[in-house]
Novice: 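First the structure, then my questions, so here it is.
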Amino acid sequence: MEFLKKHYEKIALAVVSLMMIATALTLASRLGLEEAELPDIKKNRSAAKPLDTNELMQISTLLKNPPAWRTNDGPRPFIPDVWKWNGKDMFLADEPPPPPPDAVRDPADELEWWAASRTFPMKFMSVASEVGTNKVFAINLPGAGTKFVKIGDPPIRQLIYGTMEEFIVLRYEEKKVEWFNPAIGAKAVADVSTLTLQRKSAAVTKEIPLVIGKQVLESEPVARYQSSATGEQSAELKQGSKFNYKGKTYQLLRLDTSQAILIFKDVQTQKEYKKRPRVVQKF
């Protein structure tokens, strides 16, 4: 007993060590580490299962025949744009391929256009009064509102584009025309009555016919071009005028400043060009 008391700690440590060794041997036996066999690589194995391609086939089918997409108007087919490749550029199949950078341009494509046209600032609005034979007419004046005038009134003095001018009411012609209106599918009547003014500017006197409700042009529109290739500038051209550029003759067919449309043609080939000019008041 005396021996156990003196060596108690050593005996306890030995017992714990023996228990840990026994536990390790038991685990090794259960895991098969004592006599584990290496796999035989020469032994035949079963063939791999084939890959399921059904999902890939479904995706391919959807790409070739995409389902219709729906809008508020109902289902519609999806029609992708068809593109082409010419070895250098991509372009839509229904459009011509882009020209090479060094391609020869048509001379008319080099012209940039300007058009000048001033509207007459006065506008005949209505017949304000028809009492008796001396009618009263309403005319809109720039910056002065509406003025009521009669035939034979004193001259109207008005500043027009920086110049003081005088106007006298000369005559009034009542006129209405009948025309077919496709919007309503029936005939309609349009008022084209005209109030003629006598315009006096400096030493120039001329008549200005104003159609009721219409804005008239002060002068016939004119156009000019400038070449982006040579810098050449033209003189003022009216509708119908002919001009020469790079050895070719062209003719100005249409000049509409209200819609900013200009059309001219190559007299030799009869090829027409449609341009959108920059509209200014005057050159």
Novice: Do you know which two heavy atoms are closest between Asn181 and Ala188, and how far apart they sit?
Specialist: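 Scanning both residues completely, I find the closest heavy atoms to be CB-CB, 4.2 Å.
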Novice: Tell me whether the rings of Phe137 and Tyr172 are parallel (<30°), tilted (30 to 60°) or perpendicular (>60°).
Specialist: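 The rings of Phe137 and Tyr172 sit tilted, inter-plane angle from 30° to 60°.
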Novice: For Gln226 and Glu112, indicate whether the former's side chain and the latter's backbone hold a donor-acceptor pair under 3.5 Å.
Specialist: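 It does not hold such a pair.
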Novice: Enter the distance from Ile208:CD1 to Met122:CE here, rounded to the nearest 0.5 Å.
Specialist: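 Those atoms lie 10.0 Å apart.
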Novice: How long is the straight-line distance from CG of Leu255 back to NZ of Lys238, given to the nearest 0.5 Å?
Specialist: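 The NZ atom of Lys238 sits 11.5 Å away from the CG atom of Leu255.
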Novice: Hey, could you give me the CZ/CD1 distance between Phe167 and Ile139, rounded to the nearest 0.5 Å?
Specialist: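 That separation rounds to 9.5 Å.
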Novice: So which atom in Ala260 and which in Pro277 form the shortest heavy-atom distance, rounded to 0.1 Å?
Specialist: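 Closest approach of Ala260 to Pro277: O-CD, 3.4 Å.
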Novice: Fit a plane to each ring of Trp113 and Phe264, take the angle between them on a 0 to 90° scale, and name the class: parallel (under 30°), tilted (30 to 60°) or perpendicular (over 60°).
Specialist: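 Rings of Trp113 and Phe264: tilted, as their planes differ by 30° to 60°.
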Novice: Which residues pass the salt bridge (charged side-chain N to carboxylate O under 4.0 Å, His left out) test with Arg254, sequence neighbours left out?
Specialist: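 Per chain and number, Arg254 pairs via salt bridge (charged side-chain N to carboxylate O under 4.0 Å, His left out) with Asp256.
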Novice: What is the distance from atom CD of Glu165 to atom CD of Gln158, rounded to the nearest 0.5 Å?
Specialist: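 Between atom CD of Glu165 and atom CD of Gln158 there are 9.0 Å.
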Novice: With heavy-atom distances below 4.5 Å as the criterion, would you say the side chains of Pro107 and Tyr250 are in contact?
Specialist: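 Yes, at least one pair of side-chain atoms sits under 4.5 Å.
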Novice: With a 3.5 Å distance limit and no angle check, can you tell me whether Gln215 reaches the backbone of Phe120 through a side-chain donor-acceptor pair?
Specialist: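 Here the side-chain-to-backbone pair exists.
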Novice: Is it the case that one hydrophobic cluster holds both Val211 and Val127, taking links as side-chain heavy atoms less than 4.5 Å apart, direct or via other members?
Specialist: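 As far as the 4.5 Å side-chain criterion goes, Val127 and Val211 are not connected within one cluster.
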Novice: Is Leu195 reachable from Met125 through a run of hydrophobic residues whose side-chain heavy atoms are each under 4.5 Å from the next?
Specialist: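 Different hydrophobic clusters.
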Novice: Are there over 12 heavy-atom neighbours, none belonging to Lys147, within less than 6.0 Å of that residue's NZ?
Specialist: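 Atom NZ in Lys147 is not packed in, count stays at 12 or less.
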Novice: How would you list, by chain and number, every residue that makes a salt bridge (charged side-chain N to carboxylate O under 4.0 Å, His left out) with Glu173, sequence neighbours excluded?
Specialist: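 If we apply the salt bridge (charged side-chain N to carboxylate O under 4.0 Å, His left out) test to Glu173, skipping adjacent residues, there are no hits.
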Novice: NZ of Lys275 to CD1 of Ile261: how many Å apart, nearest 0.5 Å?
Specialist: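 If I round to the nearest 0.5 Å, the distance is 14.0 Å.
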Novice: Does atom NZ (Lys248) have a neighbourhood of more than 12 heavy atoms from anything else shown, all under 6.0 Å?
Specialist: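 Counting other residues, nucleotides and ligands, NZ of Lys248 exceeds 12 neighbours.
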Novice: What pairs with Thr249 under side-chain hydrogen bond (donor to acceptor under 3.5 Å, both in side chains), at least two apart in sequence or on another chain?
Specialist: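 By the side-chain hydrogen bond (donor to acceptor under 3.5 Å, both in side chains) rule, Thr249 matches Asn244.
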Novice: Between Asn140 and Thr146, which heavy-atom pair has the shortest distance, and what is it?
Specialist: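 In terms of heavy atoms, the two residues are closest at OD1-OG1, 2.7 Å.
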Novice: Taking all heavy atoms of Val216 and all of Pro209, pick out the closest pair and write down the distance.
Specialist: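 Distance-wise, the nearest heavy atoms are CG1-O, 3.9 Å.
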Novice: Name the orientation class of the two ring planes belonging to Tyr225 and Phe243 (parallel below 30°, tilted from 30 to 60°, perpendicular beyond 60°).
Specialist: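 Tyr225 and Phe243: tilted rings.
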Novice: List for me each residue that meets side-chain hydrogen bond (donor to acceptor under 3.5 Å, both in side chains) alongside Asp191, sequence neighbours excluded, and say none if there are none.
Specialist: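 For Asp191 the side-chain hydrogen bond (donor to acceptor under 3.5 Å, both in side chains) partners, ignoring immediate neighbours, are Ser193.
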Novice: Kindly give the heavy-atom pair with the smallest separation between Leu210 and Phe124, and that separation in Å.
Specialist: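 Leu210 and Phe124 have their closest heavy atoms at O-CD2, 3.5 Å.
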Novice: From the options Arg171, Gln198, Arg199, select the one residue that forms a side chain to side chain donor-acceptor pair (under 3.5 Å) with Glu207.
Specialist: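 With Glu207 as partner, side chain to side chain donor-acceptor pair (under 3.5 Å) holds for just one option, Arg171.
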Novice: Kindly give the heavy-atom pair with the smallest separation between Pro182 and Trp179, and that separation in Å.
Specialist: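 Shortest heavy-atom contact: CD-CZ3, 4.4 Å.
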Novice: For a salt bridge (charged side-chain N to carboxylate O under 4.0 Å, His left out) check, start with the C-alpha distance between Glu166 and Lys200, then their side-chain angles and the critical distance, and finish with the verdict.
Specialist: CA-CA 5 Å; Glu166 291 186 353; Lys200 186 176 182 181; 5.3 Å; no
Novice: Taking only residues two or more places apart in sequence, or in another chain, which ones meet Lys175 in a salt bridge (charged side-chain N to carboxylate O under 4.0 Å, His left out)?
Specialist: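 Not a single residue meets the salt bridge (charged side-chain N to carboxylate O under 4.0 Å, His left out) criterion with Lys175.
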Novice: Just jot down the salt bridge (charged side-chain N to carboxylate O under 4.0 Å, His left out) partners of Glu110, sequence neighbours excluded, or say none.
Specialist: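 Checked Glu110 against salt bridge (charged side-chain N to carboxylate O under 4.0 Å, His left out); matches are Lys246.
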